[in-house]
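First the structure, in the form of structure tokens, and then the observations on it.
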Amino acid sequence: MQDPRVPPGARDRFEALYLACYPAVHRYALRRTDSVDDVADVIAETFLTAWRRLDDVPEGDATVLWLYGAARRVLANHRRGQSRRTALASRLRDELAAGQETAPADPRADVVRAAFATLAPADREVLALACWEELTGPQIATVLGCSSTAARLRLHRARKRLARLLDTTDEVPMMAALRGENR
């Protein structure tokens, strides 16, 4: 059944254009990108543009030239986006590095971090949610997809395991050290 939003003959014209010009657009994109994923993206965006602007696509030999122009603009947009993503990642790295603790390291924090690293992933996650994210029992339960009682029990057991690793029962300074607080 014909889609009422598609003018008669548009689908046939696009399919013919695609079949005739795909190899040329593929070669064009392949020579100008570094990855096959980028090639696929450029081809898809180029032919999407052709579909959306099918009435603007010229007939005959000018078709492939029009598609090259569209692919050129797609590549320019892709490079601008990639440049923005790279700049953003660099800025975030710089901000994160600047946010790192510059005060002298608390020797307890190193001991706690080492012990923390040896815990099971489930224990690390529940402790991180409680200490780093400062979530309450019900909030932890929501994140973990369990009941509040189960979350509190998991947190209690994880704290006890960490305390055993540290051979201490004084959890308050231990948790403060885990959060990176100097006391």
Side-chain angles (χ1 to χ4, degrees), residues 1-102 113 116-117 119-148 150-151 154 179-180:
M1 181 170 171
Q2 178 74 22
D3 186 340
R5 296 171 293 179
V6 178
R11 186 174 309 242
D12 293 336
R13 178 167 182 236
F14 178 79
E15 285 177 7
L17 170 140
Y18 182 85
L19 291 172
C21 299
Y22 177 88
V25 173
H26 180 262
R27 285 189 305 270
Y28 182 91
L30 191 61
R31 291 183 190 119
R32 288 164 176 81
T33 59
D34 296 328
S35 77
V36 292
D37 291 335
D38 291 344
V39 170
D41 289 345
V42 169
I43 292 170
E45 284 292 320
T46 300
F47 281 105
L48 178 61
T49 301
W51 172 252
R52 288 180 176 158
R53 299 186 54 205
L54 194 57
D55 290 340
D56 297 336
V57 178
E59 299 283 340
D61 292 337
T63 302
V64 76
L65 299 178
W66 189 93
L67 288 169
Y68 283 164
R72 187 177 136 278
R73 287 184 290 282
V74 166
L75 278 165
N77 287 337
H78 176 75
R79 288 186 184 117
R80 276 192 300 274
Q82 200 169 29
S83 179
R84 283 191 303 269
R85 284 187 297 279
T86 301
L88 177 61
S90 177
R91 194 173 82 226
L92 287 173
R93 260 191 313 277
D94 292 345
E95 287 177 12
L96 288 172
Q100 294 294 323
E101 189 175 328
T102 57
R113 283 188 191 99
F116 182 79
L119 290 171
D123 286 345
R124 286 195 310 262
E125 180 62 13
V126 74
L127 286 169
L129 289 170
C131 296
W132 294 341
E133 312 311 328
E134 299 179 358
L135 298 183
T136 64
Q139 291 170 326
I140 293 171
T142 300
V143 172
L144 297 179
C146 63
S147 69
S148 293
R154 289 180 191 180
R179 282 192 294 269

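Position 1 is the first residue of the sequence; numbering continues from there. Values reported hereafter were calculated over all heavy atoms of this structure, with side chains retained and with hydrogens, waters and symmetry mates removed.
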query: Taking Thr86 for the side chain and Gln82 for the main chain, is one N or O donor matched with an acceptor at less than 3.5 Å?
result: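 Present.
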
- prompt: Judged by atom type as modelled, is there a donor-acceptor pair below 3.5 Å linking the side chain of Thr46 to the main-chain atoms of Val42?
  reply: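 At least one qualifying donor-acceptor pair exists.
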
query: Among pairs that include at least one residue of residues 62-78, which meet salt bridge (Lys or Arg N to Asp or Glu O under 4.0 Å), considering only residues two or more places apart or in two chains?
result: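 Output for this query is empty, none listed.
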
statement: Residues pairing under salt bridge (Lys or Arg N to Asp or Glu O under 4.0 Å) where one sits in residues 42-64, two or more places apart or in two chains, turn out to be Arg13-Glu59, Arg53-Asp56

message: I'd like to know if Arg91 and Glu95 make a salt bridge, using a cut-off of under 4.0 Å between side-chain N and carboxylate O.
response: yes

Closest non-hydrogen atom pair between [X] and [Y], with its separation:
X      : Y      : answer
Ala151 : Val126 : O-CG2, 4.2 Å
Pro138 : Ser148 : CA-OG, 3.6 Å
Ala117 : Arg124 : O-NH1, 3.3 Å
Ala10  : Trp51  : O-CZ3, 3.8 Å

Nearest 0.5 Å, please: how far is [atom2] in [Y] from [atom1] in [X]?
X     : Y     : atom1 : atom2 : result
Thr33 : Arg79 : OG1   : CZ    : 8.0 Å
Asp38 : Arg32 : CG    : CZ    : 14.0 Å
Ile43 : Leu30 : CD1   : CG    : 8.0 Å

message: For Arg85, give me all partners under side-chain hydrogen bond (donor to acceptor under 3.5 Å, both in side chains), at least two apart in sequence or on another chain.
response: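 Testing Arg85 for side-chain hydrogen bond (donor to acceptor under 3.5 Å, both in side chains), a comparison that skips the adjacent residues, returns none.
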
query: Once the angle between the rings of Tyr28 and Tyr68 is folded into 0 to 90°, is it parallel (under 30°), tilted (30 to 60°) or perpendicular (over 60°)?
result: parallel

message: Is there a side chain to side chain contact (heavy atoms under 4.5 Å, CB included) between Leu17 and Leu67? Walk through the geometry before answering.
response: CA-CA 10 Å; Leu17 170 140; Leu67 288 169; 4.3 Å; yes

field: Evaluation steps, side chain to side chain contact (heavy atoms under 4.5 Å, CB included), between Phe47 and Tyr22
entry: CA-CA 9 Å; Phe47 281 105; Tyr22 177 88; 4.2 Å; yes

query: Yes or no on side chain to side chain contact (heavy atoms under 4.5 Å, CB included) for Leu129 and Gln139, after CA distance, side-chain angles and deciding distance?
result: CA-CA 9 Å; Leu129 289 170; Gln139 291 170 326; over 6 Å; no

